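Reading through the structure tokens given below for one structure.
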Amino acid sequence: SQAAKVKACMVLDTGGIDDHSFNAGSWAGMQSATSIADVQYLPSTSSADFQPNIKKFIDLKCQLIVGVGFSISSAIVAAGKANPGVKFAVVDDSAMDCNADYSVCNAVANVKGLTFGTDQAAFQAGYLAAGYSKSGIVATYGGAPYPTVTIFMDGFAKGVAYYNSAKHKSVKVLGWDPKNPSSGTFVGDFANMNKAGQISSNFEQQGADVIMPVAGGLEAATLSQSLKSGKSVVVGVDTDAVASYPQYSSVILTTVQKGLGAAIKSVIFDVALNRFNNKAYVGTLSNNGVSIAPLHDFASKVSSRLQLDTKIVGSGVRSGKISLSN
Amino acid sequence: MKKFYNRIAETALLPFLSVIMAFVISGLLIVFSDAAVLKVIGSPGKFIKVASSTFMNAYIALFQGAFFDPHLTQGHTLLQGFYPLSETIVTATPLILAGLSVSLAFQSGLFNIGAQGQFIFGAIGASYVGFHYTFSPVVHVTLALLAGIVLASLWGGFVGLLKARTGAHEVIVTIMMNYIAGFFILWILKTKSFLRPRRIDPLAPNIKPSAELPHLLGSTMRLHAGILIALLAAVFVWWLLNKTTIGFQFRAVGANASAAKTAGISVGVTTMLTMTIAGALAGLGGAVHVLGNQYALTSDIAGSFGFDAITVALLGRAKPRGTVMAALLFGALRTGGRTMEANTSTPLDIVLVIQALIVLFIASPALVRFIFRIKNLQSQGTLASKGWNG
Amino acid sequence: MSLELRGVTKTFGSLVANDNINLKVDDGEIHAILGENGAGKSTLMNIVYGLVQPDSGEFLVDGNPVTIHQPADALAVGIGMVHQHFMLIPVFSVLENIILGHEQSTKIGSLESSAAREKILKLASEFGFHIDPDAIVENLSVGVQQRVEILKALMYDAKILILDEPTAVLTPQETDEFIEIMKKLRASGTAIIFISHKLREVKAVADKITVIRQGKVVAIADPKSTQEELASLMVGRPVNLTEKKTIHHDNAVVVKVSELNIADEVGRPLVSNINFEIHKGEILAIAGVQGNGQTELANAMVNLHKNVHGSILLDGQEIVGLSVNKSLHSGIAYVPESRELDGLIGKFSIAENLILDTHHEQPFAKGIFMSNKAVEEEAQKKVVEFDIRTQSIDAPVSSLSGGNKQKVVLARELSRPVRLVVACQPTRGLDVGAIEFVHKRILEEREAGRAVLLFSTELDEVMTLADRIAVMYKGEILSIVDASATREQIGLLMAGVKS
Amino acid sequence: MKKMSVARKRTLRFLIILGALNLLALAKFGFGNHSTLSTTYGLVLGHEWIILHSVVVKSSTGSTFFALLGLLGCGLGFLFFKLNKTSLAGISIASISILFSFICWAATGKFIPLTGLLQGGLMLAVPLIFGSMSGLLCERSGVINIAIEGQLLAGAFASAVVASVTHKTMLGLIIAPIAGAAVSVLLATFAIKFGVDQVILGFVLNVLVYGLTDFLYKRLLIPYQSTWNQAPSFSQISIPILGKIPIIGPIFFDQTIIVYLMYAIVAAISYGLFRTKWGLRTRSVGEHPEAADSVGIDVNKLRFRNVVIAGLVAGLGGAYFTIGSVGSFGKEMTAGSGFIALAALIFGKWTPKGAILAALLFGFADNLQGTLSIIGVSVPSEFMLMVPYIATIIAVSGLIGRVRAPAADGVFYSRGESH
Ligand SMILES: Nc1ncnc2c1ncn2[C@@H]1O[C@H](COP(=O)(O)OP(=O)(O)OP(=O)(O)O)[C@@H](O)[C@H]1O
Ligand SMILES: Nc1ncnc2c1ncn2[C@@H]1O[C@H](COP(=O)(O)OP(=O)(O)OP(=O)(O)O)[C@@H](O)[C@H]1O
Ligand SMILES: [Mg+2]
Ligand SMILES: [Mg+2]
């Protein structure tokens, strides 16, 4: 029989377990490791819950405590320093321990930061979307203007721009302009389906035929709108939308995947096999930490030329030939 | 002496029975939504066993998580067992302050749904002074608290001004202002002055250590001086309402605005002042929350404190002492709910149900009287709000 | 139809409002019920009408027992009632008010009211009313509203009609007309129970008088008894119905009101072109039927009303535009029309109510700190001085009886330095004893050289106290007459007839 | 001038502000607009008959035109004001003109789908209209309803669960009103039978429904999503002929069954409240319960019934969130609509027409905000998101001021205990 299982615990961000985004994705990673780990999570209703939730898990003798979201990072770092015997990881933050004026930041021995260059995959998706669009207009919107949200929108818009310069086209992006990052189209929260559906419909009226919602569960509203109107297709985010919403597979072009699950699973394995390290993990196209999902239903609808080009763009980003920084 | 106990028993009976009923009903909900219980629902013997253990485990965990957990004493001092109690108080602290805000407004005949927004502005003010400036500890804390109070009282006072000048109903205005405050903090956290150096996450820098509220029981417990501030604020509200001319005017306008006006009290000024002080109290809640244990401002800093505060004030019948007690109860439920969820995977959202039921039962002594067939059940006089025409 | 009540008892807590009352009203009889305030008249009638449940007692209609649990039961056996407090919905039209509860619908479910409209017009002309069925009730004068109430009761062929103080808001002329209507109804076989404080009316119309005191029937009196006899039956002791007054002549003008206009929120005029003066030691009474702008004028005197233009000079100083607080402190004592709504804070203690106006001043407060001791001392003093009957100065004011509530208001308002007393309906709803007290206080203020502006709808009160009488009609002062004017003269003015 | 009432002053002040704004618009958006680009207004949305595909106006010309029209509106308003008549028409023209003058400027070189903008406004207003109708029914009967949010949420939850389990949207549509009514039964029982303060009660019921749905959602809907929370949803039905009318058709007659039901309910309530026996009685118990009682109306029974009906209406509105659009339920997905609906009711002064207009105004502001952010107005998105809420505050404090609810709204009635 096997050795005793690792006890791995996760403190969620305020979005909750059903956010169809980083909480859900991270938790899926935890669950995929149940062969070697006992897993458990606690939700947070606000940032005030972070510290007590972490403390609870320390009391419950968790060996690995994973925190989701950048805002839990400092609480995890503090807990890490106070509890050297416990391993910690943070999703979406590099989890550095900084001095008072944030001029010097160091990693903590038992804390691992997991971050994701989602803009790389979104870039690829933007390229694909621009190539797929027949109207020459694509769109993206967010739930609320958080950096973890806008990074998707940014990559997407840059991917479109790259397509334009490469193919001498002028595909437009609605909802986000990398040059003017203070404005953009947002629902205002991650709960208002009605508004999200309406925003999608507004995009369609402006002629957009590819829409990327970066709004957790509100994705469903856009999928539903697309399916009903038949005027657009959707680029999902985080986890393969075809898996989460099989009923909408006919309008899911692809998904900008964030490999949360795999990253977390590997941290759990590291702890189980006693090879945990605090080296920051950055998910990129190169290490498959971020990627675009298979085209599923659209494999036959997207020209093989575009499919190939998209792959080439991916390798360009991977190798650094294509830079996203401007 | 005997009389004294009798009186306590009489006045405590209604709240006690209400709490019991709320727990029983929520317990049934916990039991009948549990997969393990539903599986054995066919065989009565097993069912009773599984159901009762589900019920008991949930509530034992709730209690342990809120007051005293013997597991925590293993290898530590007995005091560590009371860690949950410290957490309960920490959670209750901002609730007390925000609850006082709603209570004070209630006493003056206003329904302040805006504690949420006021809380946010208090947090913003305290955070900014806390991370941006450097002072000696006592001065720094004081200034940070003051900054929060001032911002929030302006935000709250604006509602009073609108009501006094234009008659706009405070319920609508405060609901709208909460949304606006929510978007405002989102925006301000992305401005240069609030971003951490070289970061883009909407997360303000930690406040300087000199602005932190001191811990009361050493570093292992999070109990901080905020509770003293909250209790002081409760005493202040009591004093203000009962011992000062301002409080006299508040209560007069709250009890009968038209008579107050006839006797020469300016209802408009009173309304503005009430909302200003109410704003200050909720803002102090936000400030204490930041300086006490959050240290960094986040966009969800207010959580649901501003809304819970309303339930707290209703349960506390808008009296300072009642508000403190109600906030402690809610703090206990929230804190205990965490352990309940961690130990028994009962979603802690059940706490909301318990809270709602308690308030509901306390507000309707007639029902409790009817259920328990108690004729002379004492009720402390239920709270009455003013309708739209008030 | 005849109605008999047997052994009706009703208690409110420890208060026995009706104590084993027996009453018999015969076919075609006008049966008056007389009793001072709080005697239990309305309670008894509300019981008959099913609005209040008795503790015990039974009803017989034409000798047969009936059960009445709710108004619908009373209506079913043919009992109609005109309530002391209007049971009209202000925002409804006359027609809507009258058909409410008896609606007819068309096949598609909409209201069918043409039959009702016809019947209203027919009934109205029968009794000589002028009523527009589509007028909104809140825009009607109270006299007309009273007619709507009566029409409501007549519409559905009440055989027994209960009239609870129907004449309280009518002018003397309207009252006379009303008495004629009652007689007509009697002639058509309707039994009427008529409640009133006004002894003249009762004597004029009643066939039989039942006197109730403290919930008990104390006498069945003959309408031929004198007013004094009836009054002492009501009160239980001999009463002196007229006050003595000594005429003062002092020329100094205390208040001079000129060209005063008051408008409502949307700018419609409520009160126009008011001019009058009050001298030292003079009582000017403003008479008139309720709702002719008296409330607004009274409010304007202390700047409780917003849209006021014109001038009010108090000892030569303009007070229009001051705050309420400043107005009060410039030397005006203000007794509002409704002591429950505007005069007192029911939840507050007697002591607190006594300092509502001065709570922020020495000795009750230093800065913002209030001194409980000073507040209590003041209360102790005032309770004695004004004979406020209470167990404790800390008792909530709502626990006091009406008369004692009014004493609290008076005690507070007269505790400041006063040059002008504005008293609005100061004895409304009070019993004879309390009325005596209030009148005495008002006359004392006059003796002390203060100007008094008295608003009253009670003609008797006005005639008794005033040195001069101004009659208001539709927002204007029609005329200012001497105290020697006759009831008839004033009555005509109240009805808007300028001689 | 001197003898002006508060309300008239407010009107005048409003006219002056509007005039100034229109002048500003004329200067900034009209003459100050040197762009040579045009703004395109799209008029076609779906499959309606096409008369005019779109209207193209030169941005500066459009802005100038609308600003001038707005000034005309102000003038008209002032004229009526002087004549002591209502200036509402003038004010409306002036307000709408400012808006369009702004849009012409902001959307320079862009496309504004006018029909879609209006249709979207309606769609966002649908739950608000349902909610405010629920509030209307309760408050006209004298029971304050703060629990609209809870009623909507209960309806949304129940319809999603039932439609998921049975795979039948129709069953979801039937259960939603029942769930809303269940909340109402609590409201009615505690308010009418036990005399609990209605503001407190409504608030607490919202907390209760939030708690219950959150709890059950986590306990059942998330773990067993495929059975419990994967509901089918209704699709739009275009009404023959009506749906083809340009502009009007796609806005009003290409909707789901829930929206059509809403039209029916709104019509029934507007008619019923003012034209039927039920309506007369309902209004009477909301204004003066003693009077209603004295003519034999069972006040509390009628109140109880109306509160339950109100629950049915709001519950149905809740279904719009789930089976009316995406199918599945999301935690706290009503996102405060119940409170906005309440505000609309008060803003609309407790009349069906007013409440609907207020709801539409909010919906429109919300959608305009979305549309402007899409075409790229360089205002921080957070401030754009505030627009509908700020608009509500301005409207409530600038336009309507003190409100007058039904006289007995929130007042417990028990025979013989009052007065
Ligand atoms: N609902 C009630 N609860 C408690 N006490 C009541 C109630 N209604 C009446 N009373 C009391 O019962 C007594 C009789 O009141 P009632 O209204 O019958 O007097 P009335 O003779 O009609 O007086 P008035 O001449 O002022 O109309 C009064 O003391 C009154 O305060
Ligand atoms: N609605 C009520 N509820 C409870 N008690 C009441 C109510 N109305 C009156 N009372 C009580 O009934 C008693 C008589 O009240 P009421 O106002 O009728 O007095 P009154 O006989 O008119 O006296 P006064 O001569 O001072 O006016 C008081 O003690 C009062 O507390
Ligand atoms: Mg009395
Ligand atoms: Mg009476």
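What you are looking at is a predicted structure, and each value in this text was computed from that prediction instead of being measured. Just so it is clear: chains get the letters A, B, ... in the order the sequence lines come, proteins before strands, and each one is counted from 1.
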Part of [X] lying under 4.5 Å from any heavy atom of chain D:
X	result
Glu204(A)	neither
Asn202(A)	both
Asn180(A)	side chain
Ser224(A)	side chain
Tyr248(A)	side chain
Lys231(A)	side chain
Pro181(A)	neither

Which portion of [X] sits near chain A, non-hydrogen atoms under 4.5 angstrom:
X	result
Lys110(D)	neither
Ile375(D)	side chain
Tyr320(D)	side chain
Ile374(D)	both

With a 4.5 Å cut-off on heavy-atom pairs, point out which of [options] contacts chain A the most.
options	answer
Ile222(D), Thr334(D), Asn367(D)	Asn367(D)
Ser337(D), Ser325(D), Ser328(D)	Ser325(D)
Glu332(D), Gln230(D), Met384(D), Gln236(D)	Gln230(D)
Ala335(D), Gly120(D), Ser233(D), Pro380(D)	Gly120(D)

> Would the Phe234(D) and Tyr260(D) ring centres measure less than 6.0 Å apart?
Replying inline: no
>> Check for me whether the distance between the ring centres of Tyr141(A) and Phe186(A) falls short of 6.0 Å.
In response: no
> Between Ala220(A), Gly184(A), Ala221(A), which has the largest tally of heavy atom pairs under 4.5 Å with chain D?
Replying inline: Gly184(A)
> Between Met30(A) and Val66(A), is a side-chain contact (heavy atoms from CB on, under 4.5 Å) present by the stated rule, with each step listed?
Replying inline: CA-CA 9 Å; Met30(A) 298 282 281; Val66(A) 183; 4.2 Å; yes
>> Set out, in order, the CA-CA distance, both residues' side-chain angles and the distance that settles ring pair (Phe, Tyr, Trp, His ring centres under 6.0 Å) for Tyr217(D) and Phe329(D), then state yes or no.
In response: CA-CA 8 Å; Tyr217(D) 180 58; Phe329(D) 177 83; 5.6 Å; yes
>> So does Ser46(A) get a backbone contact from the side chain of Ser44(A), meaning a donor-acceptor N/O pair under 3.5 Å?
In response: no
> So Ser232(A) and Asp209(A), side-chain hydrogen bond (donor to acceptor under 3.5 Å, both in side chains) or not? Walk me through it.
Replying inline: CA-CA 4 Å; Ser232(A) 62; Asp209(A) 58 359; over 6 Å; no
> Would Phe362(D) and Tyr389(D) satisfy ring pair (Phe, Tyr, Trp, His ring centres under 6.0 Å), going step by step from the backbone distance to the final call?
Replying inline: CA-CA 8 Å; Phe362(D) 188 91; Tyr389(D) 307 101; 5.7 Å; yes
What are the two closest heavy atoms between [X] and [Y], and how far apart are they?
X	Y	value
Ala160(D)	Ala231(D)	O-CB, 3.6 Å
Lys168(D)	Pro232(D)	N-CG, 4.4 Å
Phe190(A)	Gly216(A)	CD2-N, 4.2 Å

